[in-house]
There are 2 protein chains.
Amino acid sequence: MADVAQVAGVSHQTVSRVLSNHPNVRESTRTEVLRAIGQLGYRRNSSARALVTRRTLTLGVVACNPTLFGPSSTLFGLEEAARDEGYMVSAVTLRRYSAAALREAIDHLSDWGVEGIVVIVPHREAVTALAELRLPFPVVTVEGGHSLPIPVVSVDQWLGARMATSHLLAAGHRTVWHVAGPPSWLEAEARAKGWRSVLEEAGAVVPPPIQGDWTPLSGYRAGQELAGRVTAGAAGRGSPEVTAVFVANDQMALGVLRALREAGLSVPGQVAIAGFDDIPEAEFFTPPLTTVRQDFAALGQASIRLLISRLESGTRPDDDERVVIEPRLIVRGSSTPS
Amino acid sequence: MADVAQVAGVSHQTVSRVLSNHPNVRESTRTEVLRAIGQLGYRRNSSARALVTRRTLTLGVVACNPTLFGPSSTLFGLEEAARDEGYMVSAVTLRRYSAAALREAIDHLSDWGVEGIVVIVPHREAVTALAELRLPFPVVTVEGGHSLPIPVVSVDQWLGARMATSHLLAAGHRTVWHVAGPPSWLEAEARAKGWRSVLEEAGAVVPPPIQGDWTPLSGYRAGQELAGRVTAGAAGRGSPEVTAVFVANDQMALGVLRALREAGLSVPGQVAIAGFDDIPEAEFFTPPLTTVRQDFAALGQASIRLLISRLESGTRPDDDERVVIEPRLIVRGSSTPS
DNA sequence: CACTTGCCTGTGAGCGCTAACAATGTGCCC
DNA sequence: GGGCACATTGTTAGCGCTCACAGGCAAGTG
């Protein structure tokens, strides 16, 4: 910066003012400084700047498996929004979903001086641990559950599950089976609750949910079990007939579809299926999958807006701030005869 | 740090030595300092440290659409590897694939003082622009093409395409059609070249490749065109019969499968299909998709290793350094009668 | 004409840390 | 016992930047 000042024939402070868009700089001086900057290829040192301003303009993100469509889309929207606001995003991924792993990830981010973090880990243990940490900077969670005093941005999972389940019931099915996500995942829990609530309101029998782990393989296994029930159905084993299934995510739904097809069952003829997420592939499944679309990018943007508003207000407003985004039911061939 | 020093009854320099694991510190002093640190909840200021050491320990990543399975998996492996080496990763995503967008992304990273960057943008224009930028820090590309003087880490796309094509030919097909990715993508080009080379070596007719854009929808359209040819095939329009198709990625292959099925064609009975990537869903397509698996996580790890080795050697070794990872053919039902 | 006002610019201090050097204490050799 | 090597600690000087303040100059005011 001293070099630039010398070339431009001004003081380093004037160079600083030009770079910070300070108003009180004569136009001719400004252009002269900018010329010198261009000539020298100068870039302001961010560390020195951060040191004196006490602002790193960096936000941290803790993400769970970012290989999945949802988290990665959220991250995408989040990064874009942060960049527009002049912040940098540093992401850390979680290998295990333990409290220790979360703490380690947050420590790592703290070491680099992030001003705030977004936690995209809809996992009960992790979020609980998060609430217990008293961190010296603001935290926002995405899908972090509503029972903790941490601001959260989420899609209404409960409502989405209700939409899918109601849609299936409305098509005339007596009841709707459910392939659930792992119980430690908050989203899985909310979806299961939504599903159950609709059945109870309708006075329908609530079949035992089948446990999956989000992967297509687990969906496949669940599908095999369901197929077995359909085939053995006439024999009557106390459980209600399987004619409709709400699967907690699209990947598992893919596995279910395959298992049913292998068992010779037609979808939606014999069994209607609905998923959750609306991954790009869902429209091209066999048959195209009825599912619940989540606006992941909006989730990311909202989380950044919330985080930055706390950062810049400086205040620590209500810790129970909530942003809820509505999901949308996308009806396709897996639930309606084509 | 001064506070810690006072509490521990030492100088700030000793505190610094403890934090840097300097050898010459008496054990009793070290524990005393650590105790003070714990008591005060002190954290070393990364900006001040970066300012004086001239090391930010931050790496930048420029990624194209990280919603896709490949890039996001690479990013995942990359971040993990970087963290193990004590670096932080800051990622920026590209909205458009222009030279200007790339420059903007890199500027953004530079402003935050990254020590080096990994560019995961297998796009011709972007990579060419990258080669022309003379950046003051090391750059490594993932799938950045081998024709430029930039170190690159990649899966051998050409070989992967050859594997898939050879596999289809070996099954007895006269020739193999190809649904290609956008020509501006280096991976699309390499896969098309590999496909073509096998056909030429085998003396097979090379059908005109059909252009897609990586999306399931474009695959679906390509599939409709192919289905049309099969049905009209007997009429003979100069083009060879469609009995096998190598699709440049799994998402498009999904679209192709659906279009063929809608046209009443059986896979692999009438048309055999192979894809590329091995996304988690591929195994559960109808039928399960034969595809070429890429080890994306290894790609990310290798890119970090390469980048850090340049960083720490300080030297600027051969700019044509290359790491090539072998792909693997995964044979499933879409290419072989079950 | 002195005085204020507003604009523009320069000066000096210091953000929190590490590198280099200086200073102390401790043990060992001749 | 003097001197040397070594381990341990303290002192000082910046790293490159922004903030607070001071100063200079032109224009307007009483």
Side-chain angles (χ1 to χ4, degrees), chain A residues 1-37 39-58 86-88 110-115 136-137 312 314, chain B residues 1-37 39-58 86-88 110-115 136-137 312 314:
Chain A
M1 186 176 258
D3 296 350
V4 173
Q6 193 171 1
V7 169
V10 297
S11 74
H12 65 127
Q13 177 59 15
T14 300
V15 177
S16 171
R17 275 192 269 257
V18 169
L19 284 166
S20 306
N21 283 318
H22 200 85
N24 290 347
V25 178
R26 203 195 306 151
E27 200 49 49
S28 63
T29 316
R30 161 168 277 122
T31 48
E32 189 58 27
V33 169
L34 290 174
R35 213 179 51 75
I37 288 174
Q39 182 187 324
L40 270 61
Y42 166 77
R43 301 201 82 108
R44 181 158 57 172
N45 180 311
S46 61
S47 303
R49 191 172 148 75
L51 179 58
V52 59
T53 60
R54 292 147 186 293
R55 304 277 273 113
T56 58
L57 296 179
T58 300
Y87 287 80
M88 183 68 146
S110 304
D111 284 344
W112 264 259
V114 296
E115 296 186 29
F137 44 70
E312 308 205 326
Chain B
M1 185 176 261
D3 296 351
V4 173
Q6 194 172 0
V7 170
V10 297
S11 74
H12 65 127
Q13 176 59 7
T14 300
V15 177
S16 171
R17 275 192 269 257
V18 169
L19 284 166
S20 307
N21 283 318
H22 201 84
N24 291 346
V25 178
R26 203 193 306 149
E27 200 50 47
S28 62
T29 315
R30 159 169 279 123
T31 48
E32 190 59 26
V33 168
L34 290 175
R35 213 179 48 75
I37 287 175
Q39 182 188 323
L40 270 60
Y42 166 78
R43 301 201 82 108
R44 182 157 57 170
N45 181 313
S46 61
S47 302
R49 192 171 146 76
L51 180 57
V52 62
T53 59
R54 292 149 185 291
R55 305 276 274 115
T56 58
L57 295 180
T58 300
Y87 287 80
M88 183 67 146
S110 304
D111 284 344
W112 265 257
V114 296
E115 295 186 28
F137 43 70
E312 307 203 327

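Order of the sequence lines fixes the chain letters, A, B, ..., with proteins taken first and strands second; residue numbering starts at 1 for each chain.
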Chemist: According to side chain to side chain contact (heavy atoms under 4.5 Å, CB included), who are the partners of Arg43(B), at least two apart in sequence or on a separate chain?
Modeler: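 Applying side chain to side chain contact (heavy atoms under 4.5 Å, CB included) to Arg43(B) gives Asp107(A), Ser110(A), Asp111(A).
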Chemist: Are side-chain heavy atoms of Val10(A) and Glu32(A) found at a separation under 4.5 Å?
Modeler: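 Val10(A) vs Glu32(A): side chains apart.
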Chemist: How does protein contact run along nucleotides 12-19 of chain D, one letter per nucleotide 5' to 3', with B for base contact, S for sugar-phosphate only, - for none, heavy atoms under 4.0 Å?
Modeler: B-BBBSBB
Chemist: Any side-chain heavy atom of Trp112(A) within less than 4.5 Å of one from Thr56(B)?
Modeler: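 No; the side chains remain at least 4.5 Å from each other.
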Chemist: What's the shortest heavy-atom distance between Ser46(B) and Gly113(A), and which atoms?
Modeler: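 Reported closest heavy-atom pair: OG-N, 3.8 Å.
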Chemist: Counting neighbours of CD on Gln39(B) that are heavy atoms of other residues, nucleotides or ligands and sit closer than 6.0 Å, is the number greater than 12?
Modeler: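 Counting other residues, nucleotides and ligands, CD of Gln39(B) exceeds 12 neighbours.
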Chemist: Are Thr14(A) and dG10(C) close enough that a side-chain N or O sits under 4.0 Å from OP1 or OP2?
Modeler: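 For Thr14(A), the contact criterion (side-chain N or O under 4.0 Å from OP1 or OP2 of dG10(C)) is met.
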Chemist: Report all side-chain donor-acceptor pairs from residues 17-27 of chain A shorter than 3.5 Å, counting only partners two or more places apart or in another chain.
Modeler:
residue: Ser20(A); atom: OG; partner: Ser16(A); partner atom: O; Å: 3.0
residue: Ser20(A); atom: OG; partner: Arg44(A); partner atom: NH1; Å: 3.4

Chemist: Whole angstrom is fine here: how far is it from CZ in Arg26(A) over to C1' in dC25(D)?
Modeler: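 So the two atoms are 10 Å apart, to the nearest Å.
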Chemist: Rounded to the Å, how far apart are Asn24(B) CG and dG10(D) P?
Modeler: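 Rounded to the whole Å, the gap is 14 Å.
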Chemist: Expressed as a whole number of angstroms, how long is the span from His22(B):NE2 to dC17(C):P?
Modeler: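 Distance, rounded to whole Å: 18 Å.
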